[in-house]
Amino acid sequence: MTRSGSSKGFSDWQPLPGWAPSPDVLRETLDGGQAFRWNEANNIWTGTWSTHCVQLRLGDTGLQWRGTPGTTAADLRRYLAHELDWTALTNSLPWRSDTHLAHCITAFPDLRILRQPFGETLLGFLCSATKQIVQIKQMVALLAERHGQSLPPWRAQLPLGRGSAGAEPSTCHRLPTWSEIATIPEKDLRACLLGFRARYISETATFLSKHPGWLDETEALPYPAAKARLMELPGVGEKVADCVLLFGAGKLEAFPVDTWVLKSLARRYGLDGWKPAQVAHFGRTHFGPLAGLAQQYLFSWERKFGGR
DNA sequence: CGAAGACCTTG
DNA sequence: AAGGTCTTC
């Protein structure tokens with residue numbers, strides 16, 4: 001390695017104009033439950049999606065990035081949904097008539113919704129049932145490490161003897177594709193700490209490998225049709241389908257109702273005792289066509305400040 | 001239909 | 001109990 005400033009096969013640091021989140025909001029966006037493949041060390045975030053591995057840091061001049069060869073600024077901008085005007089989108093939420101929403105927005109300025117690869121998002125949220133983010137990240141990391149292709153630029157760069165065990169997680173492996181997962185025995189999936197989710201993932205993989213194009217077609221459908229189709233998959237209910245469409249397809253009208261959103265609406269909107277389906281209906285009508293973005297503000301606030 | 005239980009595993 | 005889904009009373 002002779003290029004100055006590079007390490008582990010990365011390019012040099014480059015500015016990424018157009019987004020200036022605080023450290024907390026950067027963390028909330030990358031590691032707040034939308035995605036499960038970002039890890040922070042020494043104020044540097046390392047993340048992987050598709051065949052891309054990228055690092056982000058907040059310097060004096062703003063957000064900077066570097067990536068493995070083959071990863072362009074355009075790849076990163078797409079992942080970060082950089083082409084959307086998030087200030088304008090947030091401004092169009094009904095915060096003027098909703099003081100709690102206004103409060104949440106103020107608490108997480110510049111929060112945004114990621115645009116992750118559709119299939120990988122599905123895999124992540126199939127792992128998510130009754131699990132916390134740390135555990136979901138653990139499962140996904142094991143899947144990548146044990147069953148995903150390693151990303152070439154990193155392989156030769158890994159230190160032979162690691163100083164501190166586990167300091168660098170599986171960020172140098174891509175996730176296995178659905179066709180690859182279809183060939184993995186269920187017991188090997190369970191060995192990745194998937195538990196009962198292993199059967200869902202295995203059956204989904206079998207279906208998807210027999211129906212090439214099915215995922216792409218689903219992603220391209222309008223929200224209601226896409227959601228109905230996703231819910232045909234084993235292990236995909238309302239909540240998972242909405243998460244996949246919101247975080248992996250840019251469908252900002254999707255309004256996932258998990259325990260945090262349930263708590264938020266019960267506590268801050270007086271919807272105590274309402275069931276998830278009722279809360280979902282309230283959310284879509286009250287927050288409008290960008291309900292998913294509103295959901296993310298409520299979710300982040302409730303998790304960070306709401307307690308219990 | 002709507003409310004419980006089961007489903008894996010770990011902190 | 002944990003960011004659910006599916007099956008069964």
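Lettering follows sequence order; numbering is per chain, from 1.
Atom-to-atom, CD of A:Gln135 to C1' of B:dT9 comes out at 8 Å; the value is rounded to the nearest Å. We find that CZ of A:Phe125 is positioned 11 Å from P of C:dG4, with the value rounded to whole Å. Atom CZ in A:Arg303 sits roughly 20 Å away from atom P in C:dA1 (whole-Å rounding). Between the CG atom of A:Leu262 and the P atom of C:dT5 there is a distance of 13 Å, rounded to whole Å. As rounded to whole Å, 16 Å separates atom C1' of B:dT9 from atom CZ of A:Arg199. Rounded to an integer number of Å, the gap from NZ of A:Lys137 to C1' of B:dG11 is 17 Å. Between A:Glu203 atom CD and C:dG4 atom P there is a gap of 20 Å when expressed in whole angstrom units. Counting to the nearest Å, the P atom of C:dA2 and the CZ atom of A:Phe36 are 16 Å from each other.
Here the separation of C:dT8 from B:dC8, taken at their P atoms, is 14 Å to the nearest Å.
Remark: DNA chain C forms stems of 3 or more consecutive Watson-Crick or G-U wobble pairs, all pair distances under 3.5 Å, at B:2-7 with C:4-9.
Under the 4.0 Å criterion applied to side-chain N and carboxylate O atoms, A:Glu238 and A:Lys227 are assigned as salt-bridge partners.
You'll find that the side chain of A:Leu193 is closest to B:dT10, out of B:dC8, C:dG4, B:dT10.
Side-chain atoms of A:Asp188 and A:His147 form no donor-acceptor pair, as typed in the model, at a separation below 3.5 Å. Judged by distance alone, the side chains of A:His52 and A:Arg174 never bring a donor and an acceptor atom under 3.5 Å apart. In summary, the side chains of A:Arg197 and A:Thr130 do present a donor paired with an acceptor at a separation below 3.5 Å, with no hydrogens or angles considered. A donor-acceptor contact under 3.5 angstrom links the side chains of A:Thr218 and A:Arg229, judged on distance only. Checking A:Ser50 against A:Tyr79 by side-chain atom types alone, no donor-acceptor pair falls below 3.5 Å.
Within the 4.0 angstrom heavy-atom criterion, base atoms lie near A:Gly32. Across all strands shown, A:Gly237 has heavy atoms under 4.0 Å from sugar-phosphate atoms exclusively, and none from any base. Counting any heavy atom pair closer than 4.0 Å across all strands shown, A:Val236 reaches sugar-phosphate atoms only and no base atom. Here A:Ile133 lies in heavy-atom contact (under 4.0 Å) with a base. As judged by a 4.0 angstrom heavy-atom cut-off over every strand, A:Thr130 is placed among the base-contacting residues. Among the heavy atoms of the strands lying under 4.0 Å from A:Leu233 are primed sugar atoms or P, OP1, OP2 only; no base atom is included.
Below the 3.5 angstrom threshold, one finds a donor paired with an acceptor across the side chain of A:Lys131 and the base of B:dT9. Residue-to-nucleotide contacts include no donor-acceptor pair under 3.5 Å from the side chain of A:Arg190 to the base of B:dC8.
Counting heavy atoms of neighbouring residues, nucleotides and ligands inside a 6.0 Å radius, atom CG of A:Asp85 exceeds 12 of them.
Using a distance-only test at 3.5 Å, with no hydrogens or angles considered, no donor-acceptor pair links the side chain of A:Thr90 to the main chain of A:Thr87.
The aromatic ring of A:Phe196 stacks onto the base of B:dC7, its centre lying under 5.5 Å from the centre of the six-membered base ring with the two planes under 30° apart.
Put simply, A:Lys275 has a side-chain N or O that comes within less than 4.0 Å of OP1 or OP2 on B:dA3.
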